[in-house]
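For this chain, numbers begin at 1 and follow the sequence in order. FYI, side chains are in, hydrogens and waters are out, and symmetry mates aren't considered; it's all heavy atoms of this structure.
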Amino acid sequence: MPSPIDCSKVRFAISAVREAAQLVRRVQSEMVVGTLAKGALAKDDHSPVTVADFAAQAIVGKRLSESFPGMGFVGEESADALRTRECQTTLEQITHFVRQLEPKATAEQVCEWIDRGAGEPTDEFWTLDPVDGTKGFLRGDQYAVALGYIREGVVRVGALACPELNDQDLGYQDSVYQDSAGASRPDCGGAGTLLVARRGDGTWAGSLDEANTEWRQLDVSDRAASADARLLCSVEKAHTDTGGIGLLVKTLEITADPVPMDSQAKYAVLASGGGDVNLRLISPRMPNYRERIWDQAAGSIVVEEAGGRVSDLDGKPLDFSHGRTLATNRGVLATNGHLHNALLAGLREINA
Ligand code: AMP
Ligand code: MG
């Protein structure tokens with residue numbers, strides 16, 4: 001049976017995102033589903049997304065200290081706030097969930113494991129987004145646990161656990177994402193998808209639930225006519241420039257409406273041929289925003305190793321050697337490769 005290359009970093013990435021995603025799912029089922037009305041949650045100290053974020057980063061920090069002691073780790077979260085008196089209940093909730101995997105964990109250890117990820121990037125490190133697409137997580141839509149391994153400013157290994165992403169989303173069947181924006185996703189009760197890529201060895205997808213999953217190698221689509229391009233973009237309007245996307249669609253005479261989706265699940269769909277372009281235009285409200293490395297590391301290698309191309313909006317390669325952000329890049333353009341130059345030309349034309 002074909003499978004991704006068997007090396008310690010790939011093995012680690014697969015098992016870390018799988019374990020973290022299972023923990024996040026448990027938080028979701030105990031704290032979101034059935035207890036609170038849909039849409040009524042905010043990202044405050046007691047919200048499930050906070051608990052899920054910290055619990056997932058704690059468990060990956062712990063696993064890293066076992067498997068790669070001494071190696072750098074850059075995670076989205078820091079435990080500073082959790083150590084304050086006001087956050088004691090939240091810390092107790094996080095510790096409760098972490099103990100399901102590490103029964104002897106203390107609250108102080110949980111903070112230490114989280115804070116393994118609080119440092120600055122070094123020459124060689126792992127980077128984690130414990131729950132990418134937090135709004136999607138709360139809505140019951142797409143979200144991802146994203147882990148990347150970076151050396152000398154280049155992503156070498158990436159893994160994405162996408163608990164809500166299943167075959168029908170990935171383009172194996174007629175993609176539902178050819179429908180107009182907002183079309184509902186059929187719920188087939190799937191197990192979710194795990195994707196892993198290593199530089200030079202392709203991108204692989206399997207079941208998130210099964211440890212002995214059947215792996216399949218992914219290929220991007222071969223669409224080359226820009227009018228036929230299926231665009232993916234953020235659901236959150238504050239994370240992009242919806243006006244710019246509209247202008248680009250018009251300029252390139254793209255016929256299908258862009259499909260909004262949360263998180264790096266967009267990269268998974270692109271890598272498997274269910275979409276052709278993922279656009280991260282810069283929000284006019286935050287013109288100086290620079291992408292966070294954990295939001296792009298795993299997703300970018302997953303697309304590149306499936307045959308796609310990833311750059312910033314000016315066509316420059318993403319450079320992961322400038323700290324916690326992609327400080328020298330503006331936005332992100334990820335495509336199946338065939339459409340990249342046409343999209344870059346369109347972006348120049350609209351001055352995005
Ligand atoms: P998405 O689900 O594609 O909207 O991406 C979610 C990620 O967008 C989050 O993890 C945030 O780190 C990131 N984000 C937050 N603010 C912005 C912004 N102004 N522009 C682009 N991305 C942002
Ligand atoms: Mg994120």
Side-chain angles (χ1 to χ4, degrees), residues 129 132-133 136 141-146 148 155 158-162 164-179 181 183 185 192-197 199 202-206 216-226 228-235 239-240 245 248-249 252 254 256-281 291 295-313 315 317-318 329 331-344 346-347:
D129 193 336
D132 182 35
D141 288 337
Q142 295 299 335
Y143 66 95
V145 176
V155 187
L160 286 177
C162 302
E164 300 294 331
L165 200 67
N166 293 301
D167 278 7
Q168 74 275 10
D169 307 310
L170 288 168
Y172 301 123
Q173 301 162 14
D174 278 344
S175 173
V176 292
Y177 294 118
Q178 290 174 17
D179 295 347
R185 204 156 32 88
T193 305
L194 198 159
L195 294 92
V196 67
R199 185 73 54 200
T203 296
W204 299 78
R216 58 205 170 212
Q217 194 165 3
L218 298 185
D219 284 309
V220 291
S221 70
D222 52 15
R223 279 174 203 228
S226 46
D228 298 335
R230 294 163 301 167
L231 261 52
L232 299 154
C233 61
S234 293
V235 174
H239 293 176
T240 191
I245 294 175
L248 187 71
V249 165
L252 296 178
I254 294 171
D257 287 335
V259 174
M261 190 185 296
D262 296 288
S263 84
Q264 289 170 71
K266 290 188 279 296
Y267 290 116
V269 172
L270 176 52
S272 57
D276 312 306
V277 176
N278 179 16
L279 261 181
R280 294 188 75 77
L281 298 193
E291 297 288 344
D295 280 330
Q296 306 303 325
S300 59
I301 189 171
V302 155
V303 168
E304 287 172 341
E305 283 301 315
R309 204 174 138 193
V310 182
S311 72
D312 71 5
L313 300 175
L318 303 187
N329 294 114
V332 179
L333 171 67
T335 71
N336 64 2
H338 309 290
L339 288 161
H340 212 84
N341 288 336
L343 265 290
L344 284 175
L347 289 169

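- When all heavy atoms of Thr193 and Ala205 are compared, the closest pair comes out as CG2-CB, 4.2 Å.
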Discussion item. As a quick check of understanding, evaluate side chain to side chain contact (heavy atoms under 4.5 Å, CB included) for Tyr267 and Gln296, giving each step before the final call.
Written reply: CA-CA 9 Å; Tyr267 290 116; Gln296 306 303 325; 2.4 Å; yes

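- Note that CG of Leu231 is 6.5 Å distant from CG of Leu343, once rounded to the nearest 0.5 Å.
- Two residues are said to be in side-chain contact when any heavy atoms from C-beta on lie closer than 4.5 Å; Leu344 and Arg309 meet this criterion.
- At a threshold of 4.5 Å between non-hydrogen side-chain atoms, the residues Asp141 and Val235 do not count as touching.
- Listed here is the closest heavy atom pair of Gly202 and Gln217: CA-NE2, 3.6 Å.
- Judged by distance alone, the side chain of Gln264 and the main-chain N or O of Gly299 form a donor-acceptor pair under 3.5 Å.
- Taking all atoms of both residues into account, the shortest heavy-atom contact from Thr203 to Ala306 is OG1-N, 3.4 Å.
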Practice prompt. Start with the C-alpha gap between Leu318 and Glu291, add the side-chain angles, then the distance that decides, and say whether side chain to side chain contact (heavy atoms under 4.5 Å, CB included) holds.
Written response: CA-CA 10 Å; Leu318 303 187; Glu291 297 288 344; over 6 Å; no

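- Applying the side-chain contact (heavy atoms from CB on, under 4.5 Å) test between Ser272 and each of Asp219, Val303, Asp169, Leu218 identifies Leu218 as the sole match.
- Scanning all heavy atoms of the two residues, the minimum distance from Ala197 to Val302 falls at CB-CA, 4.0 Å.
- The heavy-atom pair separating Ile245 from Cys233 by the smallest distance is CD1-CB, 3.8 Å.
- At distances below 3.5 Å, not a single donor-acceptor pair connects side-chain atoms of Asn278 with backbone N or O atoms of Lys266.
- To the nearest 0.5 Å, atoms CG (Asp132) and SG (Cys162) are separated by 9.0 Å.
- Between Arg280 atom CZ and His239 atom NE2 the span is 7.5 Å, to the nearest 0.5 Å.
- Atom CG of Leu160 sits about 8.0 Å away from atom OG of Ser263, to the nearest 0.5 Å.
- At least one side-chain heavy atom of Leu347 sits less than 4.5 Å from a side-chain heavy atom of Leu281.
- With rounding to the nearest 0.5 Å, the separation of OG in Ser226 from NE2 in His340 is 13.5 Å.
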Worksheet entry | Stepwise side chain to side chain contact (heavy atoms under 4.5 Å, CB included) test for Leu165 and Val269 | CA-CA 9 Å; Leu165 200 67; Val269 172; 4.0 Å; yes

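- Taking CG from Asp228 and CG from Leu339, the interatomic distance works out to 8.5 Å, rounded to the nearest 0.5 Å.
- Between the side chains of Arg230 and Asn336, no donor N or O sits under 3.5 Å from an acceptor N or O.
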Practice prompt. Test Leu279 against Thr240 for side chain to side chain contact (heavy atoms under 4.5 Å, CB included), laying out the working first.
Written response: CA-CA 8 Å; Leu279 261 181; Thr240 191; 5.9 Å; no

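- The two residues Pro258 and Val249 have their closest heavy-atom pair at CG-CG2, 3.9 Å.
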